[in-house]
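Have a look at the structure below, then the notes.
Each chain gets a letter, A, B and so on, in the order its sequence line appears, and its residues count up from 1. Bear in mind the structure is a predicted one, so any value in this text is a computation, not a measurement.
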Amino acid sequence: VPGSYRLGLLALAAVVLLVPAGVASSFVLNILIQACIWGMLAASWDLLSGYAGQISFGQAGFFAVGAYTAALGSLHLWDSAWLGVLAGSLAAAVMGALIGIPALRLRGHYLAITTLGFSEILRLLVTNSVDLTNGIFGLSGFAGFSLLPAEALAQRRGQYLLALGLTAVACTSMYLICERSPLGKAFKAVREDEVLAMALGINVTRCTIAAFVISAFFAGFAGAFYAYYTLSVTPHTASVAVTVLVIGMAVLGGTGTILGPVLGAFLLTAATEALRFVGVIYNVIAVGLLLILLMLFLPGGLMSLVTRRQTLRGTRDRSTPHANGPKPTNHPLTGVDT
Amino acid sequence: MRHVARGLVRHVVLLSIVLVFGAPSLAAAQNVIKIGLFSTMTGQASDMGSRIMDGMRMAVDEYNAAGVTVRGQTYKLQPIQYDDEGKVEVALSVVERALTVDKIDIAVGFFYSGIFQRIKDEFQKHGVPTIDAGAASVQIYQDIAKKRLNYIFQMSPTTDDIGNAMYSTIRDVIKAKRVALINENSDAGRDFSRMARTWFKANAADSAIVYDEFITPGQTEFSAELVKIKTSGAQVLVTFVLGASAASFMTQWYEMRVPVLPVHTGGTVDADSFIEKHKAQMEGVVVNNRWWPGPFTKRTLPMLEAYKKRYGRDAIFFDVQGYDAVLIAVEAIKAAGTLDKARVRDAIANNTFEAVWGTKKFTSLEQGQRVPTEMVVVQIRNGKKYPVWPEAVAKGAGGGFLPITKWGWDK
């Protein structure tokens with residue numbers, strides 16, 4: 001990552017961090033908090049599908065496992081929301097391992113359908129286990145994070161800082177795993193060519209299960225935070241609509257980048273709210289149109305703006321493209337140069 | 001291509017800036033009552049949610065045409081529509097917007113009980129009087145009483161009102177002993193199932209629930225369920241299936257010749273236009289019409305006529321409930337003589353309102369601030385409704401139940 005780009009990112013992060021100090025609107029903070037939650041979930045999907053190449057349509061299932069574990073635990077077992085976040089993340093990770101095993105025998109569409117089936121089974125389970133989950137009505141009446149101020153706006157500011165902090169921790173961890181660790185390199189190798197990866201000595205089985213476990217852990221992490229923020233968990237958290245939403249965010253931001261899905265989440269959440277002024281129902285159509293336009297003109301997502309700039313700079317500097325590096329490959333999901 | 005795209009983006013950005021910053025100034029006006037109209041306009045329940053919104057919009061337009069006078073001053077209603085999309089997190093966002101950005105004076109509408117159950121606490125926190133027109137779960141008024149949510153009012157008939165009417169009809173009028181249940185898998189559907197079991201156990205011990213199943217809202221294929229019902233030995237089939245599902249359900253019940261009498265909770269199938277369209281299929285079917293569109297008050301018939309003229313179809317009770325919720329909100333503000341939220345809340349709690357669907361008076365806070373509503377159950381014969389319960393209404397309107405001697409498909 002070039003120095004100027006890194007500086008730009010830091011400046012952007014600083015501006016985002018300063019928002020709560022300047023904004024006296026709990027509504028805006030609420031939107032930002034929701035963007036953080038979806039950003040974590042979208043990034044977790046990106047780790048599994050964008051980096052490791054395991055196409056998953058079951059991310060909402062891991063999210064729901066985290067949310068329900070946190071909510072049920074807080075209702076019956078513990079008082080600390082932090083414990084709930086940890087338990088939710090771990091429960092989702094265990095579920096990720098269980099789903100990862102059949103995934104070893106499946107690829108592409110078959111894997112997508114299997115993971116979709118998992119989240120649907122989970123949704124039906126929580127919908128129908130009325131005694132445990134209160135069915136379609138969902139769980140509520142549990143406590144959120146303690147030690148936050150009682151005054152509404154101050155409380156929202158505290159929640160925002162918490163959301164931002166957790167998002168930063170989760171996304172930095174995922175970024176480091178994917179970009180700075182041998183495991184991340186193995187993810188990419190498996191994504192590009194499994195046979196070649198095996199020939200290079202990469203344990204594909206371990207690598208695939210690790211991708212599911214790590215991705216599910218962070219999806220559960222986002223789910224548990226969602227539970228403690230909204231103080232309500234319903235079967236909708238496991239719905240395919242949630243998965244589609246986060247895939248949309250990830251593709252919009254740029255897959256195989258971790259940061260891209262977070263940006264996509266912020267853009268899509270903000271656009272959905274900002275476009276409400278066009279009217280009820282029309283706002284949903286407007287968001288759809290915006291997505292179509294962005295996909296038409298930015299098929300590689302927001303992050304492709306950065307990579308395109310880098311490529312142009314490289315072209316200028318070296319006069320011949322890819323002079324010192326390999327030719328970019330097509331990303332398996334977007335078909336765009338990475 | 002890139003040049004065109006850049007130009008397009010520039011225009012979209014400029015237009016957005018004009019609209020975002022221009023919109024509030026266009027809306028700014030003095031003596032405005034900001035009324036938040038909440039419903040589920042997109043997603044699975046959008047057909048029914050839209051009906052509540054239609055009723056609310058019509059009431060707002062009528063009030064604005066006539067002028068709203070509060071203590072001698074003329075006010076204009078500024079309706080702000082909010083779509084919760086049937087999702088809790090979206091509902092929380094739109095409510096946050098309504099309360100902190102738009103700063104509404106009063107909130108009306110709502111459809112999903114599960115969502116209203118969560119967001120009602122936000123209205124209470126901000127002290128905004130809120131009238132529920134569509135969320136029917138009993139847990140809502142129980143919660144209002146338990147948590148003493150004095151700004152929240154459940155005007156919607158509740159599932160126990162609806163259930164009592166249907167189960168009494170089955171016991172006293174149809175005199176059936178073997179009951180099948182098929183309900184949407186929603187909070188209200190769950191309420192109906194639970195309530196049926198409790199009610200029959202307590203009030204008709206010789207009856208038995210022989211089938212109890214839930215279907216996904218929006219489901220349009222019922223063959224599997226209908227085959228099981230056919231073989232269950234049930235005499236009546238109590239069903240809470242709304243929207244597009246209702247049309248498919250009635251059609252498939254008829255085509256599969258299931259000799260079990262449907263007793264529908266109402267919603268969708270009680271609309272005259274629906275009955276006209278499914279006249280042959282609905283012969284003999286019993287429907288909780290919820291209300292009897294007679295002249296409850298002097299407002300009833302003019303509203304029904306105006307609705308038909310405006311939308312080109314008959315009003316169903318969801319339209320009427322939406323209309324009545326706005327009516328109560330505005331009349332309460334008039335009675336309070338101020339927009340002060342605490343005084344408006346007191347006006348809602350203490351006054352009696354002459355609405356389209358009868359005269360409305362909320363119960364005390366201890367009883368959940370609801371409006372117990374007497375339902376009317378009808379039987380469809382030759383495309384017309386004949387009241388069968390309660391007995392007084394049935395006699396007065398020349399109704400009464402005719403046992404099925406020949407099913408529609410045999411005629």
Side-chain angles (χ1 to χ4, degrees), chain A residues 24-31 33-35 37-38 120 123-124 127-128 130 134-141 152-153 155-156 226-227 229-237 239 241-242 245 269 271-286 289-290 293-294 296-298, chain B residues 1-2 5-6 8-9 12 16 19-20 22-24 37 39 41-43 46 50 53 80-83 85-102 112-115 117-119 121-122 125-126 137 139 143 184-191 193-194 214 216-217:
Chain A
S25 162
S26 61
F27 168 70
V28 172
L29 292 170
N30 167 59
I31 300 306
I33 293 167
Q34 291 207 14
I37 294 169
W38 299 129
E120 274 298 286
R123 186 181 65 79
L124 291 169
T127 304
N128 292 288
V130 180
N134 202 23
I136 197 85
F137 220 76
L139 297 169
S140 55
L153 184 60
Q155 189 183 70
R156 193 49 55 81
Y226 168 91
Y229 175 63
T230 61
L231 299 179
S232 171
V233 182
T234 67
H236 169 72
T237 50
S239 74
V242 170
L245 176 75
T269 312
T272 306
E273 288 306 323
L275 287 170
R276 283 198 197 281
F277 75 91
V278 301
V280 171
I281 300 177
Y282 297 108
N283 67 318
V284 183
I285 297 169
L289 282 174
L290 178 74
L293 281 175
L294 280 166
L296 276 175
F297 296 113
L298 270 180
Chain B
M1 184 68 182
R2 188 170 291 176
R6 212 172 282 160
L8 184 68
V9 169
V12 169
S16 304
L19 285 170
V20 168
L37 311 179
S39 196
M41 303 292 289
T42 43
S46 57
S50 303
M53 188 62 86
I80 308 175
Q81 295 179 56
Y82 302 96
D83 173 20
E85 298 175 23
K87 301 168 191 165
V88 172
E89 68 273 7
V90 176
L92 283 169
S93 285
V94 297
V95 167
E96 185 94 41
R97 186 184 192 113
L99 295 172
T100 62
V101 179
D102 299 334
Y112 268 119
S113 297
I115 289 177
Q117 178 74 345
R118 169 65 187 90
I119 58 175
D121 296 347
E122 302 301 315
K125 241 189 267 175
H126 285 79
S137 176
Q139 291 187 40
D143 221 29
E184 281 190 352
N185 199 353
S186 62
D187 41 296
R190 291 272 171 186
D191 274 355
S193 167
R194 193 168 42 239
F214 295 97
T216 310

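The contact between T234(A) and chain B is made entirely by side chain atoms (from C-beta outward), counting heavy-atom distances below 4.5 Å. No part of S39(B) comes within reach of chain A, as not one of its non-hydrogen atoms sits under 4.5 angstrom from that chain. Using a 4.5 Å cut-off between heavy atoms, V130(A) contacts chain B through its side chain alone, with no backbone atom that close. When heavy atoms are compared at a cutoff of 4.5 Å, R97(B) approaches chain A by way of both its backbone and its side chain. When heavy atoms are compared at a cutoff of 4.5 Å, S93(B) approaches chain A by way of both its backbone and its side chain. In this structure, chain A has a heavy atom under 4.5 Å from the side chain of V94(B), while its backbone stays farther away. For Q117(B), the part lying near chain A is the side chain, with the backbone staying farther off; criterion is any non-hydrogen pair under 4.5 Å.
Rounding to the nearest 0.5 Å places OG of S140(A) at 7.5 Å from CG of D143(B). Atom CG of D83(B) is separated from atom CG of N283(A) by 6.5 Å, given to the nearest 0.5 angstrom. The NE2 atom of H236(A) lies 8.5 Å from the CD1 atom of I115(B); values are rounded to the nearest 0.5 Å. The CZ atom of F27(A) sits 8.0 Å away from the CG atom of D102(B) when rounded to the nearest 0.5 Å.
Without hydrogens or angle criteria, E89(B) side chain to T230(A) main chain gives no donor-acceptor distance under 3.5 Å.
Residues V284(A) and E85(B) share a closest heavy-atom pair of CG2-OE2, 4.0 Å.
The closest side-chain donor-acceptor pair between E96(B) and S26(A) falls under 3.5 angstrom.
Looking only at side-chain heavy atoms (C-beta outward), R118(B) and L231(A) come within less than 4.5 Å of each other. At least one side-chain heavy atom of N185(B) sits less than 4.5 Å from a side-chain heavy atom of N128(A).
Put simply, of M53(B), Q139(B), K125(B), H126(B), the one with the most heavy-atom pairs under 4.5 Å next to chain A is Q139(B).
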